[in-house]
Protein chains: 2
Amino acid sequence: MSKIEPSWDYYRTFLMVLKEGSLSAAGRELGLTQPTVGRHVDAMEEMLGFPLFTRSPQGLLPTDAAQALRPYAETLAATSAALLRAASGQQDTVSGTVRISASEVVGIEVLPPILAELHAQYPDLTIELSASDAIEDILRQEAEIAVRMAAPSQDALVALHIGAVPLGFHAHRRYIERRGMPKTLADLSRHSLIGYDRETAAIRAIIARSPDLPEVRFALKADSNLAQLAAIRAGFGIGICQNALAARDPDILPVLADGFTMKLETWLVMHENLKTAPRCRVVFDALAKGLRAYIRQPEVATVQ
Amino acid sequence: MSKIEPSWDYYRTFLMVLKEGSLSAAGRELGLTQPTVGRHVDAMEEMLGFPLFTRSPQGLLPTDAAQALRPYAETLAATSAALLRAASGQQDTVSGTVRISASEVVGIEVLPPILAELHAQYPDLTIELSASDAIEDILRQEAEIAVRMAAPSQDALVALHIGAVPLGFHAHRRYIERRGMPKTLADLSRHSLIGYDRETAAIRAIIARSPDLPEVRFALKADSNLAQLAAIRAGFGIGICQNALAARDPDILPVLADGFTMKLETWLVMHENLKTAPRCRVVFDALAKGLRAYIRQPEVATVQ
DNA sequence: TCTTGCTCATACATAAAAGTATAACAACGA
DNA sequence: TCGTTGTTATACTTTTATGTATGAGCAAGA
């Protein structure tokens, strides 16, 4: 039963050529030379029996067949990276690499202090932070731990409910002094509103739960919640952001705080298999503690 | 950014050594020689920084660390197999390989005629049938299409509800002539019952829906539903099987057909990404049609 | 006790894959 | 228009990986 399977390395170079668009660039990225990369592609094409790229002097154009194979190659790459991370933590001590997936806002505004404290406690721990709104599938092992804004539906996942992150309209003090403070939701139509460009899953969930939201025209549309936050801080207008983030800056004022509230349920998600891995356990616990503290923060501020 | 990543082929040989338990056996299976396999393992150990196996003259014993890495390597193997299957169907025509996961009973008793007709229509199609009760995860790409007995909870899956497969007690005519036909559920305690050894998910679901099931002591316990079916056919005693299967053989009689009914909801599941793949589409449609016909079959038999 | 059969480890020869150098071609900008 | 920089493709060389052959150790069975 010794059938000849092609080298798995071919898939790696194939994916890199797909990503980079040329043999030369893929070679640079992989630490190989251009002829070698070309030979890998040739070998793979011959073994599959159909062309993967149409060659041209300005690069390689992938065929439809190559595009169809891409997700498999990406899964291979993600899995082998996960294997290496898992191997990095196999020592007796808490060490190695843990990859965390979180939204841009959480990854940039919320997590850094939590991770800083964690790293001070475990210096041998390396954290990979995938600060992107793309839903990296934990099941695909693209990350060990994820901060999610929706309850995970999958089995075989450890999901810890952190709590509800309150959201609200906010604006910079400068903007309010210039344009006045709206008293009702209807007043918003006379203001510069900062909103989303594309509808994401989180936004749809909010809209579904808030039927009294007026139809608004946004003065600034940005897909990135981080850009929206920056616009609020710059005094561009009124936008939605996490109350806890706004409370950090005394110049960011809540707008219509009584009339309108939204909540983002937050979950911490991890592979069930990783429960026993010390490095993941430690990061998971630190994130749970840190995020819960972050959520409690605004309530304390309100009491003041 | 040209960091040196180890060859992905190392993971393949690592997995095979894990499976086979020796360098020589792994080499035989992979079409490599024993020294090569040993070198791969050595290289991998050196790059990871810890031993994967403890060598001995009677084979290699995996360390805990190696066991921890095993699932990753298995995902890699499953994915690369899926890639090759996907590539096999990239031709313009309906061709290539499709892997189907189904329970033993369905795979052996129900699917063969459906697949035979399908293959007659598309001779270039190769079918891989994974006839095992193990729940092969469609998300892990271990199979393109699965016949499941529970509604899939995952998103990103195409799930077609086939219908409910009726189950019931059955016994061979010889057994009934010898031991008599039970009239009530209570009578079952005086009979030779064929039942399960371990509790599976499907069994737990049935028990939950049937609180009037008496506590019974099984005369024959078998994990394999196929073995149970064979025992019924051999006249061992009374067991549960699909009505449609029993109806095929006039010597298999329904027992307590009025007083006790169970149903197994059946779903056909496929990756959403594979909807457009012709070879998968064709198999999916054929299975849907064939399974629906199979389910309708017993009702017709009852009307007779 | 002495085969037989299995294992892993080592030394050496070979084959395969990589790198090097260069040519040919296209696009972009001065 | 011509040089620069990018691309792929080809011939040649070198390195690397693999295969072959062999030795040593352990276990089961005659």
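The basis for the numbers below is simple: all heavy atoms, side chains too, and nothing from hydrogens, waters or symmetry mates. Chain letters run A, B, ... following the sequence lines, proteins first and then strands; every chain starts at 1.
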Starting from [atom2] on [N], measure out to [atom1] on [X] and report it in whole angstrom.
X	N	atom1	atom2	answer
A:Asp42	C:dA17	CG	P	13 Å
B:Glu20	C:dC6	CD	C1'	14 Å
A:Leu61	D:dT8	CG	P	12 Å
B:Phe53	C:dT7	CZ	P	15 Å
A:Asp9	C:dA17	CG	C1'	12 Å

Can you tell me if [X] touches the phosphate of [N], counting only side-chain N or O atoms and a distance under 4.0 Å to OP1 or OP2?
X	N	value
B:His40	D:dA17	no
A:Ser56	D:dT8	no
A:Arg55	D:dA9	yes
B:Arg28	C:dT7	yes

- Please round to the nearest 0.5 Å and tell me the distance separating atom CD of A:Glu144 and atom OG1 of A:Thr97. 8.5 Å
- Task: For the pair B:Arg28 and B:Glu20, find out whether any cationic side-chain nitrogen is under 4.0 Å from an anionic carboxylate oxygen.
- Result: no
- Item | N-O pairing of A:Arg12 and A:Asp9 below 4.0 Å | yes
- Task: Using a 4.0 Å cut-off on protein heavy atoms (strictly under), produce a 5'-to-3' string for nucleotides 19-30 of chain C with B for base contact, S for backbone-only sugar-phosphate contact, and - for none.
- Result: BBB----SS---
- Message: Quick check on the helix from C:dT1-D:dA30 to C:dA30-D:dT1: what's the angle between its two end axes, five base pairs per end, to the nearest 10°?
- Response: 20°
- Is it the case that A:Ser101 and A:Glu142 place a side-chain donor and acceptor less than 3.5 Å from each other? no
- Message: Testing the 3.5 Å rule here: is there a donor-acceptor pair between the side chains of A:Ser22 and A:Gln58?
- Response: no
- Query: Hey, are the side chains of B:Glu104 and B:Glu109 touching, using non-hydrogen atoms and a 4.5 Å cut-off?
  - Reply: no
- Run the salt bridge (charged side-chain N to carboxylate O under 4.0 Å, His left out) check on A:Arg55 and A:Glu45 step by step: do they pass? CA-CA 13 Å; A:Arg55 269 80 166 173; A:Glu45 286 179 329; 3.0 Å; yes
- Message: Counting the atoms with a prime plus P, OP1 and OP2 as sugar-phosphate, which does A:Ser22 contact under 4.0 Å by heavy atoms, base, sugar-phosphate, or nothing?
- Response: sugar-phosphate
- Message: Under 4.0 Å, counting only non-hydrogen atoms across every strand here, what does A:Gly38 touch: a base, just sugar-phosphate, or nothing?
- Response: nothing
- Message: Closer than 3.5 angstrom, by distance alone: can the side chain of A:Gln34 be matched with the main-chain N or O of A:Gly27 as a donor-acceptor pair?
- Response: no
- Task: Using modelled atom types only, decide if a donor and an acceptor are shared between the side chain of A:Ser130 and the backbone of A:Ile100 within a distance under 3.5 Å.
- Result: no
